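A short write-up of the structure that comes next.
Quick note: numbers below take in every heavy atom, side chains included, and nothing from hydrogens, waters or symmetry partners. Keep in mind that what you see is a predicted model, and the values were worked out from it rather than measured. Residues: numbered from 1 along the sequence shown.
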Amino acid sequence: MGSIARIEPRTTSMTRWQEPSLPDKLGALVDRKMSLSEMPVVGPVTAQHLRHFVSASVPPSPEIEQVETMLAKLSVALPKAKSSDIEADERIDIYWTVLKGYALPDLQAAYRVLLLTCEFFPTIAEIEAAVAPIRAKRMARANRADMLIMKHEQEWRPPQPLLTVDEAARLGRILAAPLAGDGEAQ
C-alpha cells in the first residue's frame with residue numbers, strides 16, 4: 001500500500017487588523033481633503049480622540065511566512081513561468097526584500113486585488129502598484145489626523161469669559177435701573 005501523506009498544521013495565520021474608528025463627524029472631518037489653513041481648530045476632547053486614532057493607526061508589518069503564503073496562493077491561482085526550486089526560493093527572497101517594507105493589511109488588500117485583476121503571476125512592480133492606492137488612503141487619514149492635532153496644539157486656547165466679573169456686575173446694575181422704575185407710577 002502507498003504511504004499516506006502527512007498534513008502539517010498551519011503555523012502562520014493571516015493577521016486581522018482594522019483601522020481604528022472615529023466618531024462619525026470626526027471621521028468625516030479626517031476624510032475631507034483640505035489644507036492646514038482650512039482645517040478647524042479642534043478642542044482637547046477631539047484632539048485626544050485623534051491622538052488615540054493616530055497611535056492605533058500603525059498596522060503590523062508582515063512576517064516572511066505571511067508573504068510566502070500570499071505569493072504561494074498567487075502562484076497557484078495565476079499562471080507563471082516555469083522555474084526550478086532554486087529559482088523559486090530566490091524569487092521569494094527578492095520579493096521579501098521589497099515587500100517587507102509594506103504594512104501587512106496593505107499587502108493583504110493588494111493580494112485580493114491582484115487575484116481579481118492579474119492574468120499572470122504579478123511582478124514586484126505590479127504588487128507595488130496594487131498596494132499604492134490602499135496605502136495612500138490609509139496614510140492620508142492618519143496624516144490629516146496628525147495635522148488636526150498639530151493645529152490644536154498650536155492654536156487652541158481655552159475659552160475666555162465674555163465678561164469679567166466686574167463687567168457683569170456693572171451690566172446687571174445698568175439693566176436693573178430702568179426696570180426698577182417701570183412699575184412705579186406717580
Side-chain angles (χ1 to χ4, degrees), residues 10 12-67 69-71 73-74 77 95-96 98-118 122 124-176:
R10 274 192 179 169
T12 55
S13 65
M14 296 298 264
T15 301
R16 301 278 182 221
W17 180 85
Q18 187 174 4
E19 183 180 63
S21 62
L22 286 167
D24 290 340
K25 286 184 179 181
L26 190 52
L29 179 64
V30 168
D31 287 336
R32 282 183 43 208
K33 294 177 183 172
M34 60 186 136
S35 67
L36 184 61
S37 63
E38 295 171 319
M39 290 182 169
V41 177
V42 297
V45 172
T46 301
Q48 193 60 30
H49 280 296
L50 291 167
R51 284 185 190 97
H52 288 302
F53 173 78
V54 169
S55 66
S57 290
V58 178
S61 296
E63 296 176 12
I64 191 165
E65 295 84 13
Q66 293 166 317
V67 171
T69 299
M70 285 184 265
L71 293 175
K73 288 180 179 181
L74 284 171
Y95 275 65
W96 171 246
V98 175
L99 299 179
K100 68 183 175 184
Y102 291 104
L104 178 61
D106 298 347
L107 288 173
Q108 290 169 331
Y111 162 78
R112 289 186 290 278
V113 168
L114 293 166
L115 275 176
L116 297 172
T117 60
C118 283
I124 292 173
E126 289 172 319
I127 295 172
E128 287 181 322
V131 169
I134 296 163
R135 181 178 186 275
K137 183 179 178 185
R138 181 179 53 75
M139 294 297 296
R141 294 189 89 227
N143 289 340
R144 282 192 289 272
D146 258 339
M147 289 171 57
L148 285 163
I149 294 167
M150 181 182 70
K151 189 157 184 168
H152 163 79
E153 291 170 351
Q154 291 177 351
E155 297 181 25
W156 186 80
R157 301 289 175 264
Q160 299 298 315
L162 298 175
L163 300 172
T164 65
V165 175
D166 292 338
E167 291 169 333
R170 183 172 168 226
L171 182 60
R173 287 191 300 275
I174 292 170
L175 293 174

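- Remark: Thr117 engages Val113 in a side chain to side chain contact (heavy atoms under 4.5 Å, CB included) (not counting sequence neighbours).
- Evaluation of the ring-ring contact (aromatic ring centres under 6.0 Å, His included) rule for Phe53 yields no partner, not counting sequence neighbours.
- The shortest distance between side-chain heavy atoms of Leu29 and Met34 falls below 4.5 Å.
- In this structure, Leu104 and Pro59 have side chains that are not in contact, with every pair of non-hydrogen atoms separated by 4.5 Å or more.
- Under the ring-ring contact (aromatic ring centres under 6.0 Å, His included) criterion, Trp156 pairs with His152, not counting sequence neighbours.
- Met150 is listed as a side-chain neighbour of Leu36, based on a closest heavy-atom distance under 4.5 Å.
- Applying the side chain to side chain contact (heavy atoms under 4.5 Å, CB included) criterion to Arg157, with sequence neighbours excluded, gives no partner residue.
- With sequence neighbours left out, Ser55 forms a side chain to side chain contact (heavy atoms under 4.5 Å, CB included) with no residue at all.
- Counting heavy atoms from C-beta outward, Lys151 and Val42 have side chains that stay 4.5 Å or more apart.
- Contact detail for Ala110 and Ile134: the closest heavy-atom pair is N-CD1, 3.5 Å.
- A salt bridge is defined here as a Lys NZ or Arg NE, NH1 or NH2 lying under 4.0 Å from an Asp or Glu carboxylate O, and Glu19 with Arg138 fails to meet this definition.
- Here the closest non-hydrogen pair linking Arg141 and Val30 is O-CG1, 3.3 Å.
- Contact check for Pro44 versus Pro158: no side-chain heavy atoms found under the 4.5 Å cut-off.
- Partners of Glu38 under the salt bridge (Lys or Arg N to Asp or Glu O under 4.0 Å) rule, at least two apart in sequence or in another chain, do not exist in this structure.
- Inter-residue side-chain proximity for Met39 and Arg144 is flagged as met; some heavy-atom pair is nearer than 4.5 Å.
- Between the CD1 atom in Ile124 and the CG atom in Leu99 there is a gap of 6.5 Å [rounded to 0.5 Å].
- For the atom pair CG (Asn143) and CG (Leu148), the distance works out to 11.0 Å, reported to the nearest 0.5 Å.
- Residues Ile127 and Leu71 meet the side-chain proximity criterion, which asks for heavy atoms closer than 4.5 Å.
- Ionic pairing of Glu153 and Arg51 is present here: one or more N-O contacts between side-chain nitrogen and carboxylate oxygen are shorter than 4.0 angstrom.
- Tyr111 is listed as a side-chain neighbour of Leu115, based on a closest heavy-atom distance under 4.5 Å.
- Listed here is the closest heavy atom pair of Ser35 and Met147: C-CE, 4.5 Å.
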Notebook entry, point to check: Between Val98 and Glu128, is a side chain to side chain contact (heavy atoms under 4.5 Å, CB included) present by the stated rule, with each step listed?
Noted result: CA-CA 9 Å; Val98 175; Glu128 287 181 322; 3.3 Å; yes
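- Atom-to-atom distance recorded for Leu26:CG and Thr46:OG1 is 6.0 Å, nearest 0.5 angstrom.
- The OG atom of Ser57 sits 7.5 Å away from atom CG of Leu22, with the distance rounded to the nearest 0.5 Å.
- The backbone N or O of Val45 sits nowhere less than 3.5 Å from a side-chain atom of Gln48 that would complete a donor-acceptor pair.
- Contact detail for Pro133 and Ala129: the closest heavy-atom pair is CD-O, 3.2 Å.
- Nearest heavy-atom pair across Pro62 and Leu107 is CG-CD1, 3.8 Å.
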